[in-house]
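Only one structure is covered here, and it is reproduced in the block below.
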Amino acid sequence: MIELRQLSQNGELHLYLQGEWVFAQIAAIKAALQQVQPVVGTPLVVDAQAVARLDVTAAWVVYQQAQSWIRQGYEVHFDHFPAEYLRYFAATEASDSSPSPDKGRLGGVSLSNLWQVLRSFITFFGHSIAALFTSLFSPHLFRFRAVFHHVFTTGISAVPIVALIACLISIVITYQGGGQLRDLGAEIYTVDMVTISVLRELGVLLTAIMVAGRSGSAFAAEIGLMKTNQEVDALLVMGKDPFLILVVPRLVALVIALPLLTVLADIVALMAAALIASTILDISFVQFFTHVQTNIEFRTFAAGLIKAPFFAVVIALIGCWQGMRVSGSSASLGEHTTKAVVDSIFLVLLLDALFSILFYRLGF
Amino acid sequence: METLISIRQLVNQFGTQRVHDGLNLEIYRGEVLGIVGGSGSGKSVLLRTVLGLQPAFSGEIYFGSTELTQLPPEDFTRLKQHWGVMFQRGALFSSLSVADNIEFPLREFSNLSAQECRELMYVRLEMVGLERAVADKFPAQLSGGMVKRVALARALVLDPIVLFLDEPTSGLDPVSAEEFDQLIGTLHRNLKLTVVMVTHDLDSLFSTCDRIAMLVDKQVVVGTLRELLANPHPEIQHYFSGGRARALLRGN
């Protein structure tokens, strides 16, 4: 509890602070100070002799009030006020310059900024490819164990979710398409529709998106944390190229894993489609796969699969690159992990569109 | 001497391994207590137990007249506002600027205006001997010594009664470490704080601490430096008979 006793003595107005003037009482302290009515010509004396406890925050509130009285033209003295507090406050006031202008940390994306990002990626890309070739031509530098490890984490442990996604998307297409085509009496063409859309596009695309979400973010976070923890610097001072140790194994592993996952997704999707077709469209398993064999060319499958390694390169490079761009704070780690996922999914879709145009031109 | 924190019959156990076995320790109001001990002797566990970061296996911890181990969480939270804690590596929030780091407790636990919070933040920067320009920096841009000072400023911002320091001078160069010791001494005098520090630094032990609590045989031996030096226990003798300790003692 606090008390502020006012006493007029010798032509001065004495303010005696009493009780526990502490942080928790700030509201009460402010209210008590508001009660004081200073008179012109009568000096105020703030006396802290009888105070039980006076902490920095409370003292500062009193000090600020005194300063505002002084600015209003009253005379204020401090008596028995802790001298070291007054020293701290005076020093703070003395160094009180105009607040530093906000440097515009969130100043949006400027053109030079964009150029910097682009240049950083080109540098990274070149460095990675150089490291890749170095390790291809000197196999003792190639880290097989790391590649196996990453094939396992990015590929084998992704099998259940990729299979499930493939299965679900194929169920959706078969139901939606089959229903429409049956009305036209052309339900057998459901087989063509599902097979072509899955093999050419959806199998590889959904797998790539799934992998971008799983592994692209993991790459960025792993490398980013190593960066903040100075592990990358440690590699550098040991004379080891971090690209050789961190980027190349991830890149190679993903180039191996993503096509395999795509094949798996294609197989599972066709099985699921056959199952749904046999239940709702009266197209038996044999009929389904005979139709696939006679009507669908191998290049339909190839057109999908050939995109997988390209997508893998994009996902791995963007993930590792964003990881390398992490600096300092945990916010930066989160920001770059997010960017790794968003950018790689965007680039995968962009690349897919380019492939569509290319294949159309080539009549593939 | 008024007792501020009292640890009674504390037992901490991980699996079958006992770290503390019936440990008793009294911390007096207004003193600087150093907690020392070899690696793995349970200094950090002791600190974490007192701070409530780790439940005690058994035993009682009193803060004033309040028993902490059975205290409901909301009461404990209120009580913890009287504590300032500085972690070994600062534990500054890396996504907040120095200013926001220091103002964080003020904004959370008071209804002061943004302007007042900022001014009080500057007062704390002044108290720990940092320039105002530091306020706009981010923790990743600070040197090791500055991180410690900012962490100390954040620990002081709610005007704690007791300040817990975990290895305050670790990772600092000798000059910075000595300055930091002096800073702790100054703040201890000026703010009438009770300081509890876990430390490895013999310099701070000799120059700053009033009493030393040494963890030996899963318990503590408390005393002034002189008393500990006179203690015939082989582990204590071993701790203070290393080359560095002897050199410091000669210097004193």
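The structure displayed is predicted, hence computed values, not measured ones. Chain naming here is simple, since letters A, B, ... match the order of the sequence lines and numbering starts at 1 in each.
- No more than 12 heavy atoms of other residues, nucleotides or ligands lie within 6.0 Å of CD in Glu131(B), so this atom counts as exposed by the packing criterion.
- Using a 4.5 Å cut-off between heavy atoms, Gln81(B) does not touch chain A at all.
- Expressed to the nearest 0.5 Å, how far CG of Leu54(A) lies from CG of Asp159(B) amounts to 9.0 Å.
- Partners of Arg53(A) according to the salt bridge (charged side-chain N to carboxylate O under 4.0 Å, His left out) rule, which considers only residues two or more places apart in sequence or in another chain, are Glu20(A).
- No other option in Leu106(B), Val123(B), Leu96(B) has as many heavy-atom pairs under 4.5 Å with chain A as Val123(B).
- Heavy-atom minimum distance, Phe109(B) versus Phe23(A): O-CE2, 3.9 Å.
- Heavy-atom proximity under 4.5 angstrom to chain B picks out Ile26(A), Lys30(A) from residues 26-38 of chain A.
- Summarising the geometry, atom OG1 belonging to Thr57(A) is positioned 10.5 Å from atom CD belonging to Glu116(B); distances are rounded to the nearest 0.5 Å.
- The side-chain heavy atoms of Val56(A) and Arg124(B), taken from C-beta on, include a pair separated by under 4.5 Å.
- In the displayed structure, Glu178(B) atom CD is contacted under 6.0 Å by at most 12 heavy atoms of other residues, nucleotides or ligands.
- Enclosure of atom CG in Asn229(A) by more than 12 non-hydrogen atoms of other residues, nucleotides or ligands within 6.0 angstrom is indicated.
- Heavy atoms of Arg118(B) lying under 4.5 Å from chain A are absent altogether.
- Between the CG atom of Leu191(B) and the OH atom of Tyr88(A) there is a distance of 5.5 Å, given to the nearest 0.5 Å.
- The environment of Phe125(A) atom CZ is sparse: at most 12 non-hydrogen atoms of other residues, nucleotides or ligands sit within 6.0 angstrom.
- Atom CZ in Arg132(B) sits 7.0 Å away from atom OG1 in Thr92(A) (nearest 0.5 Å).
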